[in-house]
Amino acid sequence: MRIYDIIKTKRDGGFLSTGEIEYFIAEYTAGRIPDYQASALLMAIYFSGMNPRETTDLTMAMVNSGERADLSAIEGIIVDKHSTGGVGDKTTLVIAPIVAACGVKVAKMSGRGLGHTGGTVDKLESIPGLQTSIDRDRFIEIVNRTGLCVIGQSGHFAPADKKLYALRDATATVDSIPLIASSIMSKKIASGSHRLLLDVKVGSGSFMKTYKEAETLAKTMVSIGEGLSFRTVALITNMDVPLGCAIGNSLEVVEAVNTLKGIGPEDLTEICVILSANMLYIADKGTLDECKAMAKQAIYSGTALECLKKMVTAQGGDASFIEDTGKFSTARYFRTVTARKDGYITKMNTENCGIASAMLGAGRAEKEDNIDFAAGIMLENKIGAKVQRGEPLATLYAEHEELFDAAAEEFLNAIEIGDKPQEETKIVLGRVEN
Ligand code: URA
């Protein structure tokens with residue numbers, strides 16, 4: 001087999017055999033195919049696409065490039081959730097405890113934030129003492145004892161994806177549906193859960209800018225799951241507006257805790273109930289309506305909040321911060337940004353809201369950057385709100401005053417104020433299940 005022939009087949013719009021895909025992934029991971037040939041193949045895939053069988057083969061080849069978590073020592077069905085990334089997306093902190101409170105295990109590996117999107121691991125680490133780097137035996141013990149544990153993604157899973165992702169990033173081949181779908185699904189399959197709920201975000205704050213693209217990605221991933229007997233359901237959800245009101249790590253933890261206390265923002269509460277219900281549904285806990293009722297009950301009875309506290313304690317964190325979120329330290333400085341004119345908020349460029357938060361210190365431009373847990377943005381008004389010139393739109397938080405000018409400008413440029421109110425948009429726009 002020659003990589004040259006594989007590139008040529010894909011360049012000319014042909015289909016790669018299972019063996020050719022396995023050869024490419026194994027040889028590239030081992031360093032026996034150079035980056036220039038791998039780049040050429042990625043570009044050929046970018047233009048020619050892959051059929052469902054090739055996409056599933058690529059996924060499995062990447063799973064087999066590294067370790068696969070053995071979570072068989074965890075009793076019962078383990079359900080995972082993956083979000084394609086957004087701004088203010090703190091749903092994992094809410095839904096993992098809800099699902100665990102309803103008797104379904106969550107053994108989750110999450111990522112860190114990069115660019116305009118936040119990461120669950122950073123948010124969790126803003127709770128003093130909480131560890132996200134936990135060995136396998138302790139991870140399993142915590143899940144069996146508390147019903148849930150959320151740790152950082154291990155580099156041992158799907159190493160081919162890690163190597164290919166870096167190459168895609170440098171060769172303008174990230175936004176290819178088969179490459180994104182196989183990248184996400186390979187990591188999820190390798191990390192050992194039994195069933196998966198995908199939250200595919202669409203809108204100005206996400207990878208997928210149109211509903212059509214998001215739907216194609218969702219269908220592709222659900223079909224990979226089906227081909228591998230890995231039960232997968234996808235929701236397509238709105239990311240044209242930040243989720244909830246908090247953007248930034250400890251600000252988001254506080255908002256997630258408030259949501260578990262039943263006093264969170266409406267949009268966040270709604271999406272968390274729907275996501276949790278779908279996770280319970282794929283774990284065979286009942287019909288979607290029954291699962292929705294269970295999720296709501298877990299919030300209003302306080303059992304989900306208790307699960308979060310147990311998880312925080314088990315992971316070495318100080319659960320008194322969950323009981324009393326006033327203990328989180330606040331940023332040294334704050335600045336209120338106000339509306340430049342009268343009208344209705346018609347648009348929020350969500351990616352730019354995330355960038356503004358990162359500019360305040362809440363996010364990273366590069367993987368190695370440090371983040372400031374207390375920095376970020378609290379939105380006072382969102383799409384649809386009627387505002388008057390000078391009325392607060394948001395409060396920005398930062399450790400250094402000199403960060404405000406540029407971040408405030410970025411944030412204000414992201415907000416459009418028009419004369420007519422915007423029609424209300426739904427949070428959940430679609431659902432894909434095979
Ligand atoms: N997230 C991933 O894990 N992989 C991609 O290719 C894109 C987003």
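None of these values were measured; they are calculated from a predicted model. We're numbering straight along the sequence, starting at 1. Start at 1 and go down the list; that is how both ligands and their atoms are numbered.
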Checklist entry - Any side-chain hydrogen bond (donor to acceptor under 3.5 Å, both in side chains) pairs touching residues 33-48, not counting sequence neighbours? => result Tyr28-Asp35
Checklist entry - Does the distance from a Lys or Arg side-chain N to an Asp or Glu carboxylate O, for Lys382 and Glu266, drop under 4.0 Å? => result no
Checklist outcome for this item: So the side-chain hydrogen bond (donor to acceptor under 3.5 Å, both in side chains) pairs with at least one residue in residues 134-152 (sequence neighbours excluded) are Gln131-Arg138, Glu141-Arg145
Next on the checklist: Residues around ligand 1, heavy atom under 4.0 Å from any ligand atom, sorted by chain and number. Can you pull those?
Outcome noted: Tyr165, Arg168, Ile180, Ser183, Ile184, Lys187, Phe207
Next on the checklist: Suppose the criterion is side-chain hydrogen bond (donor to acceptor under 3.5 Å, both in side chains): which pairs have a residue in residues 309-318, not counting sequence neighbours?
Outcome noted: Glu306-Lys309, Asp318-Ser320
Item to check | Nearest-0.5 Å distance, NZ of residue Lys123 to CG of residue Asp89 | outcome: 6.0 Å
Checklist outcome for this item: Only residue of Arg32, Arg2, Lys163 satisfying salt bridge (charged side-chain N to carboxylate O under 4.0 Å, His left out) with Glu27 is Arg32
